[in-house]
Amino acid sequence: MGEGGATDQRVQSTAEVRRNKPSLHGRRSASQYVEGMRAGDRSILAKAITLVESLHPADCLVAADILEMCLKEPGESIVVGVTGVPGAGKSSLIDALGLHIISNYREKIAVLAIDPSSRISGGSILGDKTRMPFLASSEMSFVRPSPTKGTLGGIASQTRNDIALCKAAGFRNVFIETVGVGQSETSVREMVDFLLLVAIAGTGDELQGIKRGVMETVDGIAMNKADGENTREAEKARAVAELALHYFPSSAPGWTPPAILCSASTGLGVNEIWLRIIEHHKIVSQSGYLERLRREQNLSYLNENLERGLKQIFMSTPLMKKRLAELENEVATGQMSPIAAARQLLSIYDSNRQQRDGKT
Ligand SMILES: Nc1nc2c(ncn2[C@@H]2O[C@H](COP(=O)(O)OP(=O)(O)OP(=O)(O)O)[C@@H](O)[C@H]2O)c(=O)[nH]1
Ligand SMILES: [Mg+2]
């Protein structure tokens, strides 16, 4: 080892010092955040997430250190994605599952909700806490909308960061709620162990699922709202969904995705859903599939962070910010094509960089 070892030690101790240094604006050091989170302080976890989501340059180093520490000791966990059309009962079902898991297993639950519609409306997650009355008030849960607005580098990398923090904070079960429209669903598949589609009868939902290719990627379907007058319809829809699932290759080796009848209102099927999720976890852990999946997910995580970092570097000067705003306006009003605008921005960045490099 010799000199190399000494250098490593020196580098490590510099990092150590930085981690223990309080961040700007009188905040905690990275180590203090992580210790607080690990000790079960949910308000520190919430603050750490805000810090990691922050685009403020002053927060970047502390945020990176927090993430690094969390990723080193990720903790055992099951990450479940819950998708489905708006109003299918995703939040209600997560709440029912939460009640079941906390009451029967005494395990902590984190819920991260991604709401792509808020990007348009600018609103916050649509009453998610009111749809999760149990989890919103339980000491053993943590509910948090993931940011969708103004995130440089996209929802995916932010949500992954949030997952890493929740895992490190000892949340054995992490649920990601996402509206099953378009891209959010595809990206959620890339960050969860189990993807549950919440479907309802009478909307052609099961067929919509097939059309969008969702069926190919889900690990299970929960046919929700099987209560009252709707029970019979839900039973039929469940059978159709189960049949449809047989037409697709299985989502993981050795696993046949089930279609389960359930009601978030009465609790029907909640136990079965959770048992199947645990069973899936055992199968994929033992076969080594989960490890492979997580390795692949880490590669996407790397790429997303790289893209995010590059965008941050790209946009770090006032000139670039100003030009981007101007060119966005020109593209929006049809004065310039998107490609020409992107090329212009890239060439400004490139000449700035060359000037800088020339000086040094
Ligand atoms: N009868 C019945 N109603 C339900 C059930 N689950 C949810 N609901 C109702 O369906 C509506 C939508 O439920 P949510 O849990 O908010 O659905 P969601 O899929 O999370 O909705 P978004 O987040 O807006 O996409 C609410 O009025 C719930 O009370 C159920 O099992 N049975
Ligand atoms: Mg919801």
Side-chain angles (χ1 to χ4, degrees), residues 79-101 109-138 141-149 155 159 162 173-189 192 194-206 208-209 212 214 218 220-238 241 258-274 276-277:
V79 186
V80 180
V82 180
T83 187
V85 293
K90 299 177 292 294
S91 305
S92 310
L93 189 60
I94 292 173
D95 200 53
L97 281 163
L99 172 64
H100 175 73
I101 297 163
I109 292 176
V111 184
L112 304 168
I114 306 173
D115 176 15
S117 60
S118 69
R119 208 189 266 190
I120 299 154
S121 67
S124 66
I125 192 84
L126 300 164
D128 253 316
K129 288 210 174 182
T130 57
R131 290 285 147 74
M132 298 188 217
F134 172 75
L135 290 176
S137 62
S138 169
S141 71
F142 178 77
V143 181
R144 166 107 180 178
S146 248
T148 51
K149 257 181 63 180
I155 307 167
T159 309
D162 294 356
N173 308 290
V174 182
F175 285 86
I176 318 292
E177 176 182 338
T178 178
V179 175
V181 280
Q183 227 195 334
S184 61
E185 199 164 65
T186 325
S187 59
V188 91
R189 170 73 277 183
V192 301
F194 190 102
L195 183 61
L196 180 70
L197 171 68
V198 181
I200 40 173
T203 58
D205 201 29
E206 57 280 16
Q208 282 171 32
R212 292 199 200 108
V214 177
V218 297
I221 295 177
M223 191 56 69
N224 194 32
K225 306 199 184 181
D227 46 51
E229 287 175 3
N230 195 40
T231 310
R232 182 68 63 80
E233 280 305 306
E235 276 168 1
K236 279 196 234 158
R238 189 210 68 81
I260 301 162
L261 200 64
C262 73
S263 164
S265 304
T266 66
L268 171 84
V270 169
N271 180 36
E272 191 186 346
I273 294 172
W274 191 241
R276 299 306 302 267
I277 291 175

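In each ligand, atom 1 is the first atom listed, and ligand 1 is the first ligand listed. The structure displayed is predicted, hence computed values, not measured ones.
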Original post:
Just heavy atoms, cut-off under 4.0 Å: does Arg131 contact ligand 1 by side chain, backbone, both, or neither?
Top reply: side chain
Subject >> Element-labelled atoms of ligand 1 that are located less than 4.0 Å from some non-hydrogen atom of Ala264 >> reply: 6 (N), 30 (C), 31 (O)
Subject >> side-chain contact (heavy atoms from CB on, under 4.5 Å) partner of Thr83, chosen from Val192, Leu197, Ile176 >> reply: Leu197
**OP:** State whether the side chain of Ser141 and the backbone N or O of Ser137 hold a donor-acceptor pair below 3.5 Å, judged by distance alone.
**Re:** no
Original post:
Looking only at non-hydrogen atoms, which of Lys90, Glu177, Lys225 approaches atom 8 (N) of ligand 1 most closely?
Top reply: Lys225
Original post:
For ligand 1, which atoms, with element, lie under 4.0 Å from some heavy atom of Asp227?
Top reply: 1 (N), 2 (C), 30 (C), 31 (O), 32 (N)
**OP:** State the atom name: nearest N, O or S atom of Glu177 to the Mg ion (ligand 2).
**Re:** OE2
**OP:** With rounding to the nearest 0.5 Å, note down the distance linking CG in Leu268 to CD1 in Ile273.
**Re:** 8.5 Å
**OP:** Provide the number and element of each atom of ligand 1 under 4.0 Å from a heavy atom of Ser92.
**Re:** 6 (N), 7 (C), 13 (O), 14 (P), 15 (O), 28 (C)
**OP:** Mark up the atoms of ligand 1 that fall under 4.0 Å of a heavy atom belonging to Ser263, in ascending order.
**Re:** 31 (O)
Subject >> Residue from Leu196, Val80, Val79 passing side-chain contact (heavy atoms from CB on, under 4.5 Å) with Phe175 >> reply: Val80
**OP:** Test side chain to side chain contact (heavy atoms under 4.5 Å, CB included) on Ile277 and Asn173 and set out the steps.
**Re:** CA-CA 11 Å; Ile277 291 175; Asn173 308 290; over 6 Å; no
Subject >> Atom indices of ligand 1, in the order listed, that fall short of 4.0 Å to a heavy atom of Asn224 >> reply: 5 (C), 6 (N), 31 (O)
Original post:
At a 4.0 Å cut-off, with the gap strictly under it, does some heavy atom of Met132 reach an atom of ligand 1?
Top reply: no
Original post:
Is Lys236 salt-bridged to Glu233, going by a charged N under 4.0 Å from an acidic O?
Top reply: yes
Original post:
Heavy-atom distance to atom 30 (C) of ligand 1: which of Ser265, Ala113, Pro86 wins?
Top reply: Ser265
Subject >> Minimum non-hydrogen distance to atom 24 (O) of ligand 1, winning option of Ser91, Gly87, Ala226 >> reply: Gly87
Original post:
Got a sec, which residues hit salt bridge (charged side-chain N to carboxylate O under 4.0 Å, His left out) with Glu272, two or more places apart in sequence or on another chain?
Top reply: none
**OP:** Consider every N or O of Gly89 and every N or O of ligand 1, then say whether any pair is closer than 3.5 Å.
**Re:** yes
**OP:** Look at the N, O or S atoms of Ser91, main chain and side chain alike, and state whether any lies under 2.8 Å from the Mg ion (ligand 2).
**Re:** yes
**OP:** Among Val198, Leu93, Thr231, Asn230, find the residue that satisfies the side-chain contact (heavy atoms from CB on, under 4.5 Å) test when tested with Lys225.
**Re:** Asn230
**OP:** May I ask you to check if ligand 1 and Ala88 share an N or O to N or O distance below 3.5 Å?
**Re:** yes
Original post:
Is there a side-chain contact between Arg131 and Glu177 (heavy atoms, below 4.5 Å)?
Top reply: no
